Amino acid sequence: MSKKVSVATCSLAGCFGCHMSLLDIDERILDLLQLVEFNRSPINDIKHIEGMADVGLIEGGVCNAENFHVLKEFREHCKILVSMGECAITGGIPSMRNHFTLKDCLEEGYIRGVGIENAHIPNDPEIPLLTDKVYPCHEVVKIDYFLPGCPPSADAIWHFLTELIAGRDPSLPTELIKYD
Amino acid sequence: MSSTKLSHLEVVRPIVEKYAKDPNALLQILIEVQEILHCVPKDVQDYISKELFGKSRVRVPAVISFYSFLSEQYLGEYVVHFADNIIEQMLGNRELAARLCSKLGVKIGKVRNDGRVSVHFTSCIGMSDQAPAILVNGRTIPKLTPEKVDVIAQSITAQMPVERWPESLFVVEDNIRRSDVLFRRKIEPGSAIKACLDRAKAAHAPVALDEQLSPLPSDSDKTGLDHAAQETLAEMYRSDLRGRGGAGFKAAIKWETARDKKGSSRYVLCNADEGEPGTFKDRVLLQNYADMVFEGMTVCGFTIKAKLGILYIRGEYRYMKEHLDAVLQKRREQNLLGEHILGSPFSFDIKIHWGAGAYVCGMETAMIESIEGKRGSPRKRWPLPVEWGYKGQPTVVNNVETYAGAAIVAVRGGSWFAQHGTMQSTGTKLFCVSGDCERPGIYEYPFGVSIREVLRDCGARNTQAVQISGPSGMMLPESEFDRLLAFEDVPSVGTVMIFDKSRDMFDVLHNFAKFFQHESCGLCTPCRVGTTLLVNILDKFKKGQGSALDLEEIKNISQLLKTFSHCGLGQTAQAPFMDALQKFRPIFDKRLKSKEFIPAFSLNAALEEARQLTGRTDPGAFIHEDIAEPAH
């Protein structure tokens, strides 16, 4: 059997729902592991991509400086980069803050909110600095594929990955992108 | 303005009564209200809703929000619209607008605090041969100069009514530079109808003449009218006259289909929406040859057995209202319209329906919706208007120039007409020449003239490119100037915009893209979103942030627009992009920053607000390198 496909994943400004959905492929994950090995991923807690990955799955959009650095690392070390789920593709729920200024958001949370003591906007260098708006991944780096859904269903992720690995067009059939 | 003393109700009630509370007249009512009040306020909307639609309150605001010349907000005593197509921009309209704004102390798109004046940009107003041009309270002022701007600013400051401004400001020229069959042989009013009726006389039975009018023969066969209509149609077939609106569909086929479809009545619509930037031939035709156009409509009515014709004319030509009303009135007096035309059993009348600033209404089905007093959203393509048009009845929609041609065919015969032009494009065509040339204006040529010949005749030098048929048409470089203007080679509505070598075709494309974005009616997602995405990509290039991936994206979006848009607007909105990519590639290449992809914004700048809020200056608070190139 040929070399296994290396897959890296990450969650930026997302809710980990897409990763949950990935795990929802249930026992098929054993079949998947016959085809792929996981590179950097929250699933195995590897922090940086080792060498080059064949496929990178991005969950979530870009809402802070750290998200950008991770996304940049993925772009530079993945042959194929995939925006997985609503937030990566459009900014999703986190981007609802784009209708307000960052100042309003932070003051609402840390200054004006109910029951706040010692009110101030957190400024510890350990905390990634927020961007003015939440950006979908394809506005920051080149994205090769978009895997839609909130989250994409386990079947959609399974179909996408297995087709891609088999070297076929990974377009999703209608039943996998029909949500009602 | 004396009218402001009237209460809103006093203004609107007579207008609503005049139109007999007809829901189909909604747009006409709103236009007249807007003209007097310079807005359609809420209380007026409520009144109109109640009178026209009873309980439903959605139609009126829906229509107001659709047409750019209607507004709920008060626009001021003086409302100025600057035409903003690429030709006007090349001739300095932006500078003139800035000058006027600074003289008046007003911001573009905003009403001045004292409510006296507002200044706006609008699409082409059909004056590209005498640009820059503006509309002031609906009246056209062409050939604007800094001096004229100063006069206008003074007049507004002095609160002088527009009617008392110097007449010289409002002189619209015809600029007819070359005449052929159509312009040279002005036909006598009534001659085309007479020719049709004579064919009836020549048939076995005489036409009922005046003394025989009462009672009319109920069976029209006895009058020979059927036979004559058949003969007229045969002449139209012989002429092979093709639609002048750009698509070139054969008029005779359209007429015959409408005639043969079942319906309780039939309608003749004339499309004078002429919204394609750089086009102004219909304006010149209606200004000088209105009789001929109405004559052609009447011939069509005669042929398809219609009783009513409607001229749909764009709001930008409102200054022609009195003239057109007068021509129609005169024709009624001459018995060329109305009951028993020229003593025959044939009755036909024409009314005028005004548009209010919506390019998409040039699409025939959108136009029909607009005439029915609705938002001008295009209908589904099938059934076609010849089967299911105005009020659901068989309807012929032709261009102004097509009807003028039909009048000529009726008088001179189809074979004579077909001698002109080329095999597949008979007759002559009016070309609207504008841009970088010595003599912009209207040129009538037989079909088949080469672009090079047109350029030579109008005194164009150092020409880099021509845009044929407006933004939705073709962008052609010098290597294609020997191509022929005819349906078999370069089809067009007749627009020829000329750009010399000093122009940056990127600016041209950018202008076109913004035009389509603004004019998309919003009904279907591919067009509404696609046109905006295309503008965003060009904005990116303009900032010098363009990348090869963006060019790919232009192709993808263009393909999507072309394939999935609901109507021709979206389908053709991508045309200038595809032409530019294929034929003017350097305008993109010289703006390419990256072979791969770079963001349209600076990540580091996106952190600035948070840096300010937190006061952080540590290394993690900055991003030094924005670009991530894909791995290979």
Side-chain angles (χ1 to χ4, degrees), chain A residues 6 8 49 51-56 58 62-81 90 97-98 100-107 109-111 120-144 146, chain B residues 525 529 532-541 543 545-557 559-560 564 592-632:
Chain A
S6 166
I49 297 177
M52 286 292 292
D54 295 303
V55 180
I58 313 283
V62 174
C63 80
N64 61 33
E66 189 205 16
N67 289 161
F68 169 69
H69 292 301
V70 174
L71 184 57
K72 185 167 180 278
E73 180 187 330
F74 266 68
R75 180 66 279 177
E76 286 167 350
H77 294 91
C78 297
K79 290 175 189 161
I80 292 170
L81 204 56
T90 70
R97 81 160 158 93
N98 291 0
F100 307 90
T101 64
L102 183 59
K103 184 165 184 279
D104 276 346
C105 295
L106 289 175
E107 286 183 352
Y110 294 103
I111 310 271
H120 76 286
I121 294 171
N123 57 359
D124 193 305
E126 287 285 301
I127 304 169
L129 208 57
L130 294 173
T131 48
D132 55 351
K133 298 202 177 309
V134 177
Y135 296 93
C137 294
H138 68 271
E139 288 190 8
V140 181
V141 299
K142 182 191 175 192
I143 295 292
D144 301 299
F146 297 88
Chain B
T525 311
V529 177
T532 295
L533 290 178
L534 287 175
V535 169
N536 289 351
I537 294 178
L538 288 191
D539 286 344
K540 214 177 147 186
F541 270 93
K543 281 193 289 180
Q545 309 269 62
S547 59
L549 188 75
D550 293 313
L551 293 181
E552 284 309 304
E553 200 60 12
I554 288 178
K555 286 182 201 160
N556 292 338
I557 297 167
Q559 186 57 37
L560 201 135
F564 291 108
L592 270 186
K593 191 166 174 186
S594 156
K595 281 199 182 128
E596 293 292 349
F597 177 77
I598 51 172
F601 61 100
S602 157
L603 259 303
N604 193 41
L607 293 175
E608 180 57 30
E609 192 178 353
R611 275 196 295 267
Q612 302 247 338
L613 290 168
T614 58
R616 278 175 55 183
T617 54
D618 57 282
F622 296 90
I623 290 174
H624 294 294
E625 199 197 340
D626 281 358
I627 305 161
E629 295 280 350
H632 291 286

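Sequence lines set the chain letters: A, B, ... in the order given, protein chains first and strands last, and positions in each chain run from 1. The model shown is predicted, which means the values in this text are computed figures rather than measured ones.
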- Contact class of Tyr135(A) relative to chain B, heavy atoms under 4.5 angstrom: side chain
- Pairs where residues 598-612 of chain B contributes a residue and the test salt bridge (Lys or Arg N to Asp or Glu O under 4.0 Å) is met, not counting sequence neighbours: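 Non-adjacent pairs meeting salt bridge (Lys or Arg N to Asp or Glu O under 4.0 Å): Glu608(B)-Arg611(B).
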- Pair listing, salt bridge (Lys or Arg N to Asp or Glu O under 4.0 Å) test, anchored in residues 121-133 of chain A, at least two apart: none
- Message: Looking at chain B, which one of Leu102(A), Leu81(A), Val62(A) has the largest number of heavy-atom pairs inside 4.5 Å, strictly under?
- Response: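 When all of Leu102(A), Leu81(A), Val62(A) are compared, Leu102(A) has the most.
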- Task: Measure Ala621(B) against the heavy atoms of chain A and call it side chain, backbone, both or neither at under 4.5 Å.
- Result: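 Both backbone and side chain.
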- Kindly say whether Leu607(B) contributes a backbone atom to a donor-acceptor pair with the side chain of Thr131(A) at under 3.5 angstrom?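 Not a single qualifying donor-acceptor pair exists.
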- Note on the structure: Heaviest contributor of heavy-atom pairs below 4.5 Å to chain A, chosen from Ala606(B), Ser547(B), Pro619(B), Ala610(B), is Ala606(B)
- Item | Ring geometry between Phe146(A) and His138(A) (parallel below 30°, tilted from 30 to 60°, perpendicular above 60°) |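 Judged by the thresholds at 30° and 60°, the geometry between His138(A) and Phe146(A) is perpendicular.
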